[in-house]
Amino acid sequence: MVSVARSSANIALVKYWGKRDAKLNLPLTGSISLTLKELETQTAVEFDPALEDDELELNGKPADKAATEKVTKFLDLIRTRALIQTRARVLSTNTFPTASGLASSSSAFSALALAASTAAGLLLPPPTLSELARRGSGSAARSIFGGFVEMLPGVLSDGTDAVAVPIAPQDHWDVRIVVGVTTLASKATSSTDGMESTTRTSPYMPVWVQTQDRDLNVMRRALLDRDIQRVGELMEHNALKMHAAALAAQPGVLYWNGRTVDLMHAVYGMRKEGVPAYFTIDAGPHVKVFCLARDAEHVGRTLASVPGVQRVITCAPGAGAELIEQRDSLFAARMTV
Ligand code: PMV
């Protein structure tokens with residue numbers, strides 16, 4: 001049986017940066033995100049007794065060894081649960097640049113968790129899927145749900161309570177995230193490596209951890225109130241605080257390029273003109289601008305006018321991970337994925 005799932009990436013408004021357990025991928029703190037419709041991954045999975053090893057195809061091409069090994073490790077979790085040893089064929093496609101700080105791991109592992117667990121005959125409820133997706137990538141736990149989502153850090157050592165929960169649905173607030181893509185190259189430092197080095201060496205890490213609960217409480221309330229200024233100012237502050245901690249690691253972890261800074265100034269410029277637009281930046285050089293739907297076109301044009309910006313992608317709130325097909329053979333799945 002082939003299962004095909006779709007899932008969208010999410011962008012954190014209050015960031016996850018630091019792990020309390022690297023093996024189980026348990027976060028040190030909670031985080032809050034918005035799932036985004038336009039940044040989508042579709043993944044088809046088929047367990048096939050004829051295969052000797054797992055096979056992974058990304059965007060129509062065989063994946064490299066490192067990516068395939070990561071997927072095998074993840075599928076092993078599902079095989080253990082389903083009491084099977086069968087290898088799988090996985091076809092995955094993204095609608096946006098892979099591994100460039102556009103949160104492709106969040107859509108990738110949430111889609112894979114749903115497609116692979118279903119193909120293995122498991123019917124996992126959303127909290128269990130969220131826990132499973134977390135093992136692939138911390139942010140993927142949040143993409144199981146649509147709209148505004150909170151990741152709970154949990155307290156248990158086995159990680160069963162480190163799962164995401166919905167805060168408000170996709171249609172709660174007509175906002176946009178406008179992404180200014182500053183380069184088409186892959187990022188130099190993975191989020192896992194950046195977090196590890198920040199946690200181990202940054203003198204600002206304790207402050208980052210201590211102030212997260214306050215940021216989460218204020219953000220949750222401001223989102224429910226649909227208060228653009230409170231959400232935006234706190235989102236920007238939280239992102240700058242995360243990057244300040246990373247920059248103070250030894251050696252410093254710098255994710256920005258020149259265009260990143262130019263885009264930050266462009267956002268400050270829009271605010272001076274009275275447009276409520278606020279930025280956030282993840283483990284990559286792109287700038288993601290939070291604004292009201294009515295201002296998205298103006299924001300998009302402003303970002304696109306900054307020299308060196310490659311592309312602008314406007315994203316609306318999206319749905320959580322969904323199963324889109326179950327078929328008998330991968331040949332049929334290949335036609336749509
Ligand atoms: O899910 P990961 O391991 O790629 O980490 C995501 C880290 C950030 O994108 C920088 C922040 C976040 O909360 O998504």
- request: Give a yes or no on whether the backbone of S143 and the side-chain of S107 come within a donor-acceptor separation of less than 3.5 Å.
  value: no

field: Test side chain to side chain donor-acceptor pair (under 3.5 Å) applied to R6 and T41, step by step
entry: CA-CA 6 Å; R6 59 146 299 282; T41 299; over 6 Å; no

task: Please check if any side-chain donor atom of T86 sits under 3.5 Å from a side-chain acceptor atom of R79, or the reverse.
output: no

- prompt: Does R87 come within less than 4.0 Å of E52, counting only side-chain N to carboxylate O?
  reply: no

message: Can a side-chain donor-acceptor contact be found between N10 and R142 if the only test is distance below 3.5 angstrom?
response: yes

message: With a 3.5 Å distance limit and no angle check, can you tell me whether S31 reaches the backbone of S139 through a side-chain donor-acceptor pair?
response: no

field: Intermediate values then yes/no, ring-ring contact (aromatic ring centres under 6.0 Å, His included), Y268 and F279
entry: CA-CA 9 Å; Y268 292 142; F279 63 77; 5.6 Å; yes

query: For residues T314 and R176, is any side-chain donor paired with an opposing acceptor at under 3.5 Å?
result: no

query: Are the side chain of E46 and the backbone N or O of A119 linked by a donor-acceptor pair below 3.5 Å?
result: no

field: Test applied, salt bridge (charged side-chain N to carboxylate O under 4.0 Å, His left out); reference residue, E236; option that passes from K288, R271, K241
entry: R271

Donor-acceptor side-chain pairing of T192 and S190 below 3.5 angstrom: no

field: Donor on one side chain, acceptor on other, Q212 and N238, under 3.5 Å
entry: yes

- request: May I ask you to say whether E196 pairs ionically with R200, meaning some side-chain N is under 4.0 Å from a carboxylate O?
  value: yes

task: Spell out, as yes or no, whether a donor-acceptor pair under 3.5 Å connects the side chain of Q170 to the backbone of P317.
output: yes

task: State whether a side-chain donor-acceptor pair under 3.5 Å links T29 with K15.
output: no

query: Centres of the Y16 and W208 rings: under 6.0 Å?
result: no

- prompt: Can you list the steps and then say if K73 with E69 is a salt bridge (charged side-chain N to carboxylate O under 4.0 Å, His left out)?
  reply: CA-CA 6 Å; K73 252 177 91 183; E69 278 172 9; over 6 Å; no

Check against side chain to side chain donor-acceptor pair (under 3.5 Å), S3 and T118: CA-CA 6 Å; S3 295; T118 312; 4.8 Å; no

